[in-house]
Structures are given as C-alpha cells and as structure tokens.
Amino acid sequence: MENSEDEAEKGELPLELKPLVSLAPKVPTLLGYDVETKSTSPLLVYVTPCRPCSSSEQPEEAPPSFCEPTPKSPVPIKATPISVALPTHQQEDESSDGDYKPFCKEKKPASLKKSKRPRQAEKSNVANIKRRSIRRNLDSEFNLCSSSSDNPKESVEGTMMMFDSLRRCILQLDEKEDAGRRADLKAGTLMMHNNLRINNRKMIGHVPGVEVGDVFFFRIEMCIVGLHAPAMGGIDYISSKHKDETLAVCIISSGGYENDDDDTDILVYTGQGGNSRHKEKHDQKLERGNLALMNSRNKKNQIRVVRSAQDPFSSGKIYIYDGLYRIEDSWTDKAKNGFNVFKYKLRREPGQPDGISLWKMTEKWKANPATREKGILLDLSSKAENLPVCLVNDVDDEKGPSHFNYVAGVKYLRPLRKTKPLQCCKCPSVCLPGDPNCSCAQQNGGDLPYSSSGLLVKHVPMVYECSSNCQCSHNCRNRISQKGIKLNFEVFWTGDRGWGLRSWDPIRAGTFICEYAGEVIDETRIDMDVEEDKYTFRASYPGDKALNWNVGAELLEEKSTVVTTENFKQLPIIIRANNEGNVARFLNHSCSPNLLWQAVQYDHGDDSYPHIMFFAMKHIPPMTELTYDYGTRGAPPGFEGKLFRACKLKSCLCGSKYCRSLF
DNA sequence: GGCGCTTCAAACCA
DNA sequence: CTGGTTTGAAGCGC
C-alpha cells in the first residue's frame, strides 16, 4: 500500500523516473490558473490515489509536501506523486451493484520503482527527461483537464488528451533538435512513470470509460487507459500461479499474423510466438498468451477485442475497440511458413454498438458516396469544397436545412485594417522546424504551429500560417487550414438538435476540421433574430477544455505558456452564416465538445478579424457528431433558451463541474 | 527484486 | 512506394 513513507522514497528516485513535481503550486481558477496566488488551501482538489481492490480506506488529507512550498530545484527533495491527483473510478466499480460485475484481479499499479534498466535509461532518457523536468503543479491541471473521479469517460478523455498533448510537444522539441524518435513512447513512459495511467488493474470485460468504437492511434494509448497493457504483445492476460487460472482479457488483431478480418462478428485469431524476426521460426507453444486464450475458451470469459485499420491520412495504424467477444473454438493450424500455430475463433457478444462494422460502412461510402443510405444530397457544397459534403437523414422525413448559399470561405462586409504585415518567409521549398531564419516560425513564437503530419500542436491566441508572400511552396506544413477541408463530411439530421455535422473519416487530435465560413460583420450590428443568430459565430470564449488543451505542453516547457483569458483576449469578430456559410454552420454546441476553434491568419493583417478554424481536441471515431463550445458571453437574449437546451441534451457528458448551467 | 526475453510498433530511409 | 532497419518499452517469468 502506498503511504507517505513510500512517497518520500519515491522522491529519491533516479533522475529518469522523477515524478512530475510541483515547484510552484497553482490554484485553478474559473478561466485558467491564477499564477499570482500562492495559497494552496481552499481550492485545491485532492483526489485519492489509485488503489488495489482490497483497500477500502482512503486518507482524506494530502501528503504534507503538497501544502508546503517546494524548493525551486530541478531535483525534487520530497516529491508529490502525481497519483494523488489521479481521477480514480475504481472505487466506484467495486461498490457498483449493477448486474455486470467485472472480474477483477488485484494488480499492483505501476509504481515508481527503482529504475528497471538504469544503463539503458542513462543512455537515452536522462537528457530528455532532465530537460523536461516538470516545473509546475500538474495536479490541479490534470484535474481540470480530465475532470473529477466520478466520470470514467472524462478520466479516459483527460488521460488521452494529456498523452497526445505531451506527444505533440515532445515531437516538436525533438524535431527542433533533430534528435530522438518515438514521441509516442516517450509521452507514454512519462505518464507511466508518473502514475498517470488509469485502470491499472487488469479486468475482464469493458474498461470503465472506454466505449465500443473508441479509436487509438498508438499502442501505448491503450496501455495508459488500461484497455490493453502490453506495449507490443497482442494478447493481454491475467497471469496466475495456477496455470489454469491464467485468463485472456484483451487481444489486438492488427494483421501481424494471418487472420481473416472480413467478418465483423467472427474473428479467427492466431496465437503468439514462433514468428520472431530475430530468431529462427518454430512451432507455437501452449504458454503465455496462448495458454491464457485456451483457458479463456474453457472458462468462456469475455475478451475485449481491438481491431486495426489503416489510417487514411498517414502510413500508421488506427486501433478500434470493437467490444467483447467470447472464444467458441480453437485448434492448431499450419501457417504459411510451415510451422504450427494456434487458432482461436471468437464471436462478438450480441447487443453491442457498432464497432468495426461502422468502418466497413464508411469505407464503402467513401469509395462511392451514392451508396450512403438515406442520402438526400450527394454534395451540399456543390463542388465549393475539395470533397463532397453529403446530406443525410436516417431519422425521419425532414428534407434538409433551409436555403443558404454554400461558400467555402469568409466574405468581409467591413473594412480590414492592416495592423500587421503579411507573412513573408524566405524558406526554400518548405518551412522547417528549428530554422532561425524562418520568419514565420518566429512570428509563431519560435515554433511552427503544426507537426510534420499537419496536426495543430498547441492552442494559441493566433496561428500565423505562411502567406502568398512567402517563398515556401504550397506543400509547406505551415499552410494547413488555408487549403480547405480534407475530411469526408456528412450533414445529418439529429432529430432533436437540428442538423449536425460528422465525418466518415477517423479524426486524430489536432486535425484541421474546417473554417467557419460566412459574412464577417461589425459587432455593432446585433439586430438579428434568434433564427439568424443560430447561424452566427461569436469569438466570445474558447471554452474550458480548449483552454486546457495544452496541458501536456505546460508540463514540458521552461517558459510559461499558461493560457488564460488574458492571452485569449476577446475578438470582436462575428461571422454570420445565415445566408452564406459552409459545414461549420451545422456544428452544434456541447459542454463536452470534441472541437476547438483557433484564430488563424494568412491572407491579411487585421488580427481582430482572423479566420476561425476548427481543430479536433481529441481522437474522434467516424460518425461521431462534431461539436464545439459556443461560449456564453455576448449571446443576446433569446439565444439563451436554445443554448441551454442544447447543453441539457448533452448533460450526460458534462454533468460535472464543467457543465455551465448558466446560459 | 532484478534482469533477460518476447512481443500482431512506429518512423525513417534506401 | 515499400520492405528492411532502427529505435524503442512494458511486463512476464525465471
């Protein structure tokens, strides 16, 4: 069990396992963090650490180091493990009296043990982690980012968002220094070593907060949310001293062996082993995962299945949680290389939501949009966009939105002031990170705002993309949003919230979604009715989640990039999309949104009226409604009721302290 | 408790 | 454009 002695011990860890520590405790405020406040007493929320099943009593008080000013040293003297801030819902699992009780086996949470591989760590990690010593209090930030302990889904989303934020920033740092690879593993390791993993205990059945259809872009992501523990291995199992009690809990079918992935309800899975790249091939043995699967066949326990798909926007794989299966049959077979392998036939449990089957549908639609059932219009944009925008209604007979002109961009109904000159870099070919001569990088604070794969790295007050005056080519990574949509969208009838927007493509966090197109008007003109206001964008407030999207960056960087409303000063821009607009006019409000809006400049210098570009805040499975936080301030009377309704409809997602009942 | 071995990665380059 | 190479990490099990 963890106690304060353990924690003191953890403070003396080797450097590479140093916890992310508090050097300057911060108090979360409503709109960010109060940098000035030194007080830690009333507002800090202490969350009890993750504990194994058996533990029932939880200490209420925080470790003493929490309340004391921590010395400003890169090496912690008395570190507070991040686990004290970990949202934990495992307590809830135990006490829940639902009809399904997941089998759970006590498993020590990944603890801050002494270094496992000191030599290796010294070789590769020390420099990185040292540079990345965490200078501020992570605890409050993580709480803010992942919500409280009572909502497993929020915990998973917060953990995933923090991971990806870390990953994008490590990628950016590594790129600039032209050193290191595998930012995914570095981000994962950082989180593991700081006890930021959730669902530590292996369990049979669903993992709290992970839903069928959820997508992952790295193996390590499934690791840190407890869906599938092995970093590489395909079979996750609970091992036991009694060999016949070793049971499989999760498998990943990702094409490493000769599996047939065609049927969406049946999966024939090949056992592990005998396939090593470094050693001679041999017959598979009934041990480890193979043994676990055999026992699971006899015990008939549920097994989580993760299937993989090709990422349409990169060479990487996407992992899709396809829900629970059971093993029906098993046998041995000859692989193509002539050696014996184990085969297991799994059948999907009935009554689960669409998982991989949804992907088969969207792939068919992408190949030929005309195959989309209940389609009303093949291209709502009438070729104004790079890709067709399908209009569908699979709910009722509603025939389509009221008439508007589809335009892909903004039209300025007010004169623009030239407050800043246009971007004008001299980069040959494309802008590259770490180039001190790239004026565009300088304008963006020294770093290019996008990763090499075109993902937004951080949410900032303004992104300056390369302009027509720049010498770099069209392929420059600093020209993401100006090139228009890349996703296959459909505008669909929600039934209760009007028309909404979703994508046939899986979307990775940081992906550019679309611009808010329409007529840019003057703030003075607010004589619009409710209907017109429904299709109006106001740059009032980025939203709590959007403000906390950079939480990983906060932990890595020396200089403070704390986002507050001061950084994000309110923009006067109002975009009316009642008469003219694009897909963005169909984005609905949510208090638990999956998109954020980012101000972007590339074709004029009036920073008060930038382009409003939407980016994904988290990984979004295909066919998931895209939403953003409409904000509250500046909304005229009459609008309130509608917003409140929209929020209430989503209250299941944001019933916590984040649901702003004030609309 | 430590370390070696295995493991259906991921990114990059030739 | 793809297959081989490189870098890389968790956790089982001895």
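Reminder, nothing fancy here: chain letters follow the sequence lines and each chain counts from 1.
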Asker: Can you list the residues that meet the side chain to side chain donor-acceptor pair (under 3.5 Å) rule with A:Lys176, with sequence neighbours excluded?
Answerer: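 Only A:Asp447 meet the side chain to side chain donor-acceptor pair (under 3.5 Å) criterion with A:Lys176.
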Asker: Please find out if less than 6.0 Å separates the ring center of A:Tyr321 from that of A:His206.
Answerer: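 A:Tyr321 vs A:His206: aromatic centres under 6.0 Å.
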Asker: Output yes when at least one side-chain N/O atom of A:Arg288 is less than 4.0 Å from OP1 or OP2 of B:dC8, else no.
Answerer: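 No, no such contact exists.
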Asker: Using the salt bridge (charged side-chain N to carboxylate O under 4.0 Å, His left out) rule, collect all pairs that involve residues 218-231 of chain A, keeping only residues at least two apart or in two chains.
Answerer: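 As it turns out, there is no salt bridge (charged side-chain N to carboxylate O under 4.0 Å, His left out) pair with a partner in residues 218-231 of chain A once direct neighbours are skipped.
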Asker: Which part of the nucleic acid, if any, lies within contact of A:Asn275, taking any heavy atom under 4.0 Å across all strands shown: a base, the sugar-phosphate backbone alone, or nothing?
Answerer: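 Since no nucleic acid heavy atom lies under 4.0 Å of A:Asn275, the category is nothing.
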Asker: Just the rounded figure in Å: distance from P of C:dT7 to CG of A:Asp174.
Answerer: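 Distance, rounded to whole Å: 14 Å.
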Asker: Taking only residues two or more places apart in sequence, or in another chain, which ones meet A:Asp354 in a side chain to side chain donor-acceptor pair (under 3.5 Å)?
Answerer: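 Only A:Ser357 meet the side chain to side chain donor-acceptor pair (under 3.5 Å) criterion with A:Asp354.
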Asker: Write down the distance between CD (A:Glu245) and P (C:dG13), rounded to a whole number of angstrom.
Answerer: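 After rounding, the reported distance stands at 14 Å.
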Asker: Which nucleotide in the list C:dG11, C:dG8, B:dA11 gets nearest to the side chain of A:Phe218?
Answerer: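 Of C:dG11, C:dG8, B:dA11, B:dA11 is nearest to the side chain of A:Phe218.
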Asker: How does DNA chain B read in dot-bracket, base by base from 5' to 3', with Watson-Crick or G-U pairs under 3.5 Å and | used when the partner is on another strand?
Answerer: .||||||.||||||
Asker: Report the residues that fulfil salt bridge (Lys or Arg N to Asp or Glu O under 4.0 Å) with A:Asp236, sequence neighbours left out, ordered by chain and then residue number.
Answerer: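 Listed in chain order: A:Lys202.
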Asker: Rounded to whole angstroms, how far apart are CD1 on A:Ile224 and C1' on C:dG11?
Answerer: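 About 17 Å, once rounded to whole Å.
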Asker: If only side-chain N and O atoms of A:Ser239 are considered, is one of them under 4.0 Å from the OP1 or OP2 phosphate oxygen of C:dG13?
Answerer: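 Result: yes.
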Asker: Report yes if at least one side-chain N or O of A:Lys285 is closer than 4.0 Å to OP1 or OP2 of B:dT6; otherwise report no.
Answerer: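 False: A:Lys285 side-chain N/O out of range (4.0 Å or more) of B:dT6 OP1/OP2.
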Asker: Check the distance between C:dA9's C1' and A:Met192's CE and give it to me in whole angstrom.
Answerer: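 Those two atoms, CE and C1', are 8 Å apart.
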Asker: OP1 or OP2 of B:dT7 less than 4.0 angstrom from a side-chain nitrogen or oxygen of A:Tyr237, does that happen here?
Answerer: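 No, A:Tyr237 has no side-chain N/O under 4.0 Å of OP1/OP2 on B:dT7.
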Asker: Quick one: is A:Ser315 getting a side-chain N or O under 4.0 Å of the B:dA11 phosphate, OP1 or OP2?
Answerer: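 Checking B:dA11 against A:Ser315, no side-chain N or O comes under 4.0 Å of OP1 or OP2.
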Asker: Could you give the distance separating B:dT7 and C:dG8 at their C1' atoms, to the nearest angstrom?
Answerer: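 12 Å, rounded to whole Å.
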Asker: Would you mind telling me which of B:dC8, C:dC12, C:dA9 lies closest to the side-chain atoms of A:Thr270?
Answerer: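 So the side chain of A:Thr270 is nearest to B:dC8.
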Asker: Choosing from B:dA9, C:dA10, C:dC12, which nucleotide comes nearest the side chain of A:Tyr319?
Answerer: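 Among the listed nucleotides, the one closest to the side chain of A:Tyr319 is B:dA9.
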Asker: Does A:Arg182 contact C:dA9 through a side-chain donor or acceptor facing the base, at a distance under 3.5 Å?
Answerer: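 There is none.
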Asker: Do A:Phe339 and A:His282 make the cut of ring centroids closer than 6.0 angstrom?
Answerer: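 Ring centroids of A:Phe339 and A:His282 are no less than 6.0 Å from each other.
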Asker: Expressed as a whole number of angstroms, how long is the span from A:Glu221:CD to B:dA10:P?
Answerer: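 Taking atom P of B:dA10 as the reference, CD of A:Glu221 is at 9 Å.
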Asker: In whole angstroms, how far is the P atom of B:dT7 from the CG atom of A:Asn290?
Answerer: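 After rounding, the reported distance stands at 9 Å.
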Asker: A:Ser453: which residues meet the side chain to side chain donor-acceptor pair (under 3.5 Å) condition with it, sequence neighbours left out?
Answerer: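 For A:Ser453, the residues satisfying side chain to side chain donor-acceptor pair (under 3.5 Å) (neighbours in sequence not counted) are A:Ser451.
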Asker: When the distance from CD1 of A:Ile252 to P of B:dT7 is rounded to whole Å, what number comes out?
Answerer: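 Rounded to the whole Å, the gap is 15 Å.
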